[in-house]
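Sequence lines set the chain letters: A, B, ... in the order given, protein chains first and strands last, and positions in each chain run from 1. These values consider heavy atoms only, across backbone and side chains, with no hydrogens, waters or symmetry-generated copies.
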Amino acid sequence: METVLSIEDLHKEYSGGWRKPPRTALAGLNLVVPRGKTIGLLGPNGAGKTTTLKCIMGLIRPQAGKIDLFGGEVTGAGVRKSIGFLPEQPYFDLYLTPRKLLAYYGRLSGMHEADIAARTAFLLNLVGMGEEADLSMDKYSKGMLQRIGLAQALISQPEFLVLDEPSSGLDPLGKLQVRDLLLGLKGGGTTILLSSHQLSEIEEICDGVAIIHKGANIASGGLDELLRPREEYEISLEKSPPPAAVELPASASWADPAQTRLLVNKGELNEALRSLLERGALVAEVRQRRMTLEEYFVEQVGSEGWEVGE
Amino acid sequence: MGGRGVRAIGTFAWSVVQDALHRKVFYAILAFTVVLILFTPLIPSADVGVQIDLMREAALGLTSIMAFLLAVILGATIIPGELGRRTLYNTLSKSVRRWQYYLGKYAGIVLVVATSLVLTFVVLILFVLIRFGVFNPGLAKALFAILLEAAILVSVAMLASVYFSPLIGILLTGLFYVACHVKGDFLYRGMTGAGQNPVVKAISGLFYYLLPNLERFNINETIAHGERVFEVGAVELLLLFAIAATFSAIFLYIGGYLFNRRDL
Ligand SMILES: Nc1ncnc2c1ncn2[C@@H]1O[C@H](COP(=O)(O)OP(=O)(O)OP(=O)(O)O)[C@@H](O)[C@H]1O
Ligand SMILES: [Mg+2]
């Protein structure tokens, strides 16, 4: 499988400043992003996600480790032409209008003047900022800046997108739009690496995740492998039985107060179904439960405690 | 370097001009200078013959201060500002090199200073013409020398700004300015003076040979007195240009090297 990015044993220490000890941000991080895949980088605050992404973009220098992009060890300006980057909390010179700003980034990306106008208009519509294209950005809200950040990352039609918390600061509708936008890009063959705290979003768009904590990997792999189905079943009811009357097996428990979803272990599934049916319940669906990414994340990271950094 | 690199540098330079046009401090410095120049005839003087010289000297002095202030303020604030606002991350993640950014910003600041000097030149020349009936294009020579000195100051301020905050950058550049203006006199005496402490001698000597003699760029007095005593010729101006280009190149090289290595 062709890899777009591979990181081996990355170490990064930030110098603490005058007579202060250095802070370790990355301690032997590994990461592989195969072509065409969407990979999520997860981890608690201070885990080293932003540091990793900045190393990839050449904004900071790791003390040790190897970063291969597109199969070569070039990290210069040339390779960045094929990468789109959205920094954490993007910010711009606010006296500009988005149209002028995107033209500026287009020029820096080496695009032809003739293509810039069309690409800019297209991207502003794509991120839902078409109407505000000529409004100077000091009138913008946080989420609007985030959308412009996404647009600038896409300016040169990159084949690899590196996004640091793409949906942070967006309203619910904005989050949906970003998810659809990323799914669209993914469908078009773009490789994506994104860091996020939105686990549901990651679950919906990512093929795989890497969970990091204190600068090192604690779990990684395809979502299908990580979130292995459990030995637990969920029974959804169309019509609930009269509450008091049902005798349920020991492992069974209601998942909601209205008693329309019952969780039960595999061994007692049939027994539970039988007693439900006897009491006149109508079964709509029975399915095996898959762990949510949130549950998995808490299981992996939560066991390490909640302290952030040092 | 190729067309791509030139375009990137041009884009960065132009962004400085746009940025300056949105800064109040730029207009404030410019307006203040012009207003003060218009007030120079109020300087008391005994006889009418020297009034024009006095006025020209004062005006050129004011113009120098304006140019140096612009150079140092812009040079010391642009990089720390972009780092603080995090706009640098978007910019440097595009397919540009850091030295292109660095050089582009330098060129942009020099362009802003040059434009301001052209504006003051127009004010000066009209003023001298209207007030004294003298058409004096020779003033341009003094402004050219001011621009060259400002260009060196920009490269020094930018070098300081790679690691230091704007305030410290401005102070360091100010120190550089003072040291380079007194070196011909003060440092020379420190280096050669009899009975000096050898440590003082060594340090004075080191700085004497390391620093440019910025006093050379101050031809305001000669120009203000209508070049009656010396004439500033093309050779002298070319020499000044060569000195400014050399020192700017050295400071730009060191600054660009450090900027290329630093974590953002
Ligand atoms: N410029 C810096 N100087 C010193 N330490 C830093 C710097 N940037 C980050 N760190 C430290 O490095 C560690 C990792 O930070 P990083 O920003 O990569 O975390 P993150 O995973 O992106 O967190 P978040 O989810 O909060 O964005 C933290 O302990 C942080 O304190
Ligand atoms: Mg982060």
Is it true that atom [atom1] of [X] has more than 12 heavy atoms of other residues, nucleotides or ligands lying nearer than 6.0 Å?
| X | atom1 | result |
| --- | --- | --- |
| B:Y257 | OH | no |
| B:F32 | CZ | no |
| A:K175 | NZ | yes |
| A:F70 | CZ | yes |
| B:F39 | CZ | no |
| B:F26 | CZ | yes |

Check your understanding: Under 4.5 Å, heavy atom to heavy atom, which residues of residues 113-129 of chain A contact chain B?
Key ->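 From residues 113-129 of chain A, the residues near chain B are A:E113, A:I116.
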
Point to revise | Option in A:D93, A:L59, A:V162 with maximal non-hydrogen atom pairs under 4.5 Å from chain B | key: A:L59

Point to revise | Top contributor to chain B contacts, counting heavy-atom pairs under 4.5 Å, from A:Y14, A:Y105, A:F85 | key: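 The candidate making the most pairs under 4.5 Å is A:Y105.
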
4.5 Å side-chain heavy-atom contact, [X] and [Y]:
| X | Y | result |
| --- | --- | --- |
| A:Q152 | B:K94 | yes |
| B:Q18 | A:L96 | yes |
| B:S93 | A:I83 | no |
| A:K54 | B:Y89 | yes |

Exercise for review: Would you mind checking which part of B:R98 comes under 4.5 Å of any heavy atom in chain A, side chain (CB onward), backbone (N, CA, C, O), both or neither?
Suggested key: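 Answer is side chain: those atoms of B:R98 sit under 4.5 Å from chain A.
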
Check your understanding: Got a second to check how far A:Y91's OH is from B:R85's CZ, nearest 0.5 Å?
Key ->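 Output value for this atom pair is 8.0 Å.
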
Check your understanding: How many angstroms lie between atom OG of B:S95 and atom CE of A:M111, to the nearest 0.5 angstrom?
Key -> 11.0 Å

Review point. Most heavy-atom pairs under 4.5 angstrom with chain A, which of B:H22, B:R261, B:R97?
Key: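 Of the candidates given, the most pairs with chain A belong to B:H22.
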
Review point. Would you call the rings of B:F12 and A:Y104 parallel, tilted or perpendicular, where under 30° means parallel and over 60° means perpendicular?
Key: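 Perpendicular.
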
Exercise for review: Answer with side chain, backbone, both or neither: which region of A:Q89 has an atom nearer than 4.5 Å to a non-hydrogen atom of chain B?
Suggested key: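 For A:Q89, heavy atoms of backbone and side chain both lie under 4.5 Å from chain B.
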
Check your understanding: Between A:R61 and B:D263, what is the shortest heavy-atom contact and its length?
Key ->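 Heavy atoms only, the tightest pair is N-OD1, 3.0 Å.
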
Practice item. Quickly, which of B:T91, B:N90, B:L92 forms a side chain to side chain contact (heavy atoms under 4.5 Å, CB included) with A:L108? Name it, please. Key: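 That would be B:T91; it is the only one of B:T91, B:N90, B:L92 passing the side chain to side chain contact (heavy atoms under 4.5 Å, CB included) with A:L108.
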
Practice item. Using the test side-chain contact (heavy atoms from CB on, under 4.5 Å), find all partners of B:Y253 that sit at least two apart in sequence or belong to another chain. Key: none

